[in-house]
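Written below as structure tokens is the structure these notes are about.
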Amino acid sequence: MNFMSIVPYAINSFLNDPSCHGTLATIKGLRQGIVYGAKVRFAHSVVQAFLFRNEPWPQRIRFIIRMTYLHGKNLGLFVFCYKSLRTIVASIFGISKPLRAFICAFVVGYFVFNSHNSINEQIILYLLSRITVGLARYALKRSWLPKTERPVFPWLAAFVWGVVLWLFECHRETLQPSLTRSMVYLYENSDRWSSWRNFLIRS
């Protein structure tokens with residue numbers, strides 16, 4: 001066995017050592033958070049830069065890089081710190097899994113996402129919408145809410161669209177800036193044109 005084959009074998013043996021699994025899982029979590037956050041934010045930032053920003057392209061590219069970096073960093077840091085704290089708490093305190101998950105995420109979430117910036121706000125609002133649905137389903141599962149045979153989603157959609165357009169038309173300063181820009185593009189830019197070019201081609 002030559003040196004070039006020994007090195008990968010030694011690395012794989014270390015990575016698959018059960019005694020190192022907890023530490024390596026936190027490192028892999030850091031990697032997963034960075035990659036996932038960067039993938040999600042890069043695509044979103046490219047769309048935002050192309051559609052809604054009017055600066056020169058070097059500034060738009062810096063915007064894309066900055067947003068992608070912040071999203072990947074925050075998500076990776078959260079996953080790393082959460083998994084680390086969860087491992088520590090599990091080894092020291094006899095706390096049940098549900099309570100341990102909530103406490104560890106609560107503590108890490110406060111310190112990692114305490115800055116009120118556009119990236120953190122979008123992540124938190126995304127999660128808020130998901131956990132609202134999740135808690136409603138959990139309440140149904142536990143029979144805390146009555147089950148109904150009638151479709152609920154159409155009423156939810158009607159309520160959401162009614163509220164968002166009311167806020168946009170009457171109190172747009174309360175909406176998130178990126179949402180406001182999207183609404184302006186859809187509902188106000190469509191009111192203005194002077195020729196077929198900016199009616200069909202340019203916005």
Side-chain angles (χ1 to χ4, degrees), residues 24-84 105 108-135 153-154 156-203:
L24 293 173
T26 61
I27 297 172
K28 181 71 181 292
L30 173 66
R31 182 262 180 199
Q32 299 293 91
I34 292 172
V35 170
Y36 184 83
K39 282 182 176 180
V40 171
R41 182 54 53 178
F42 178 78
H44 182 268
S45 298
V46 169
V47 172
Q48 290 288 315
F50 182 77
L51 290 179
F52 304 119
R53 301 184 75 89
N54 297 316
E55 303 98 340
W57 271 106
Q59 293 184 29
R60 298 192 202 188
I61 292 173
R62 283 195 293 270
F63 165 80
I64 294 169
I65 294 173
R66 185 174 71 255
M67 295 295 103
T68 303
Y69 165 76
L70 286 174
H71 197 139
K73 182 198 73 171
N74 288 359
L75 194 56
L77 187 60
F78 178 87
V79 176
F80 177 81
C81 293
Y82 168 73
K83 290 173 73 73
S84 300
V108 175
Y110 178 85
F111 288 103
V112 173
F113 289 97
N114 60 0
S115 297
H116 189 181
N117 54 53
S118 61
I119 295 295
N120 288 348
E121 186 178 73
Q122 288 173 11
I123 293 173
I124 298 306
L125 291 178
Y126 173 85
L127 292 175
L128 178 62
S129 66
R130 296 308 190 267
I131 67 171
T132 300
V133 175
L135 288 172
F153 187 80
L156 175 63
F159 175 77
V160 169
W161 280 108
V163 171
V164 76
L165 265 300
W166 165 64
L167 288 174
F168 175 70
E169 296 286 357
C170 305
H171 306 282
R172 71 176 57 184
E173 72 281 357
T174 63
L175 294 175
Q176 190 186 28
S178 62
L179 175 59
T180 302
R181 287 193 294 268
S182 300
M183 303 291 274
V184 167
Y185 182 84
L186 292 170
Y187 300 105
E188 293 190 351
N189 289 4
S190 58
D191 289 337
R192 297 189 294 269
W193 66 87
S194 59
S195 68
W196 67 270
R197 285 187 175 85
N198 57 19
F199 184 83
L200 293 176
I201 301 175
R202 297 200 306 266
S203 58

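As the structure is a prediction and not an experimental result, all values here were calculated from the model.
- A heavy-atom distance below 4.5 Å is not found between the side chains of W193 and L200.
- Between R60 and P56, every side-chain heavy-atom pair lies at or beyond the 4.5 Å cut-off.
- Judged by distance alone, the side chain of N198 and the main-chain N or O of S194 form a donor-acceptor pair under 3.5 Å.
- Between S115 atom OG and N74 atom CG the span is 8.0 Å, to the nearest 0.5 Å.
- Side-chain contact between I64 and Q48: absent, with no pair of heavy atoms (C-beta onward) separated by less than 4.5 Å.
- Rounding to the nearest 0.5 Å gives a distance of 4.5 Å between CE of M183 and CG of L165.
- Taking CD1 of I123 as the reference point, atom CG of L127 lies at 7.5 Å (rounded to 0.5 Å).
- Summarising the geometry of V108 relative to C81, their closest heavy-atom pair is CG1-CB, 3.6 Å, with the distance given to 0.1 Å.
- Residues passing the side-chain hydrogen bond (donor to acceptor under 3.5 Å, both in side chains) test with T174, sequence neighbours excluded: none.
- From L128, atom CG reaches atom CD of E121 across 11.0 Å, with rounding to the nearest 0.5 Å.
- Annotation: cation-pi geometry satisfied between R53 and F63 (NZ/CZ under 6.0 angstrom from ring centroid, within 45° of ring axis).
- Distance alone, capped at 3.5 Å, places no donor-acceptor pair between the R41 side chain and the L70 backbone.
- Closest non-hydrogen pair, N120 versus V112, comes out as ND2-O, 4.3 Å.
- Between V164 and L179, the shortest heavy-atom distance links the atoms CG2-CD2, 4.0 Å.
- Remark: W161 CH2 is loosely packed, at most 12 non-hydrogen atoms of other residues, nucleotides or ligands lying under 6.0 Å away.
- Taking 4.5 Å as the limit, some side-chain heavy atom of M67 sits within range of a side-chain heavy atom of I119.
- Taking CD from Q59 and CD1 from I61, the interatomic distance works out to 11.0 Å, rounded to the nearest 0.5 Å.
- Looking at every heavy atom in both residues, S178 comes nearest to Q122 through OG-NE2, 3.5 Å.
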Show your working on side chain to side chain contact (heavy atoms under 4.5 Å, CB included) between V79 and Y36 and close with a plain yes or no. CA-CA 11 Å; V79 176; Y36 184 83; over 6 Å; no
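- Seen from the ring of F168, R172 counts as a face-on cation partner, given the 6.0 Å and 45° thresholds.
- Put simply, the side chain of F50 reaches to within 4.5 Å of the side chain of W57, judged on heavy atoms.
- S190 contributes atom OG, which lies 9.5 Å from atom CZ of F199 (distance to the nearest 0.5 angstrom).
- Between F113 and F78, the ring-plane angle classifies as tilted under the 30° and 60° cut-offs.
- A donor-acceptor pair is defined here as one N or O able to donate and one able to accept, closer than 3.5 Å; no such pair exists between the side chain of T68 and the backbone of I65.
- Between Q176 and S118 the shortest heavy-atom distance is NE2-O, 4.2 Å.
- Looking at V184 and N189, their side chains come closer than 4.5 Å, going by heavy atoms from C-beta outward.
- For Q32, there are no side-chain hydrogen bond (donor to acceptor under 3.5 Å, both in side chains) partners two or more places apart in sequence or in a different chain.
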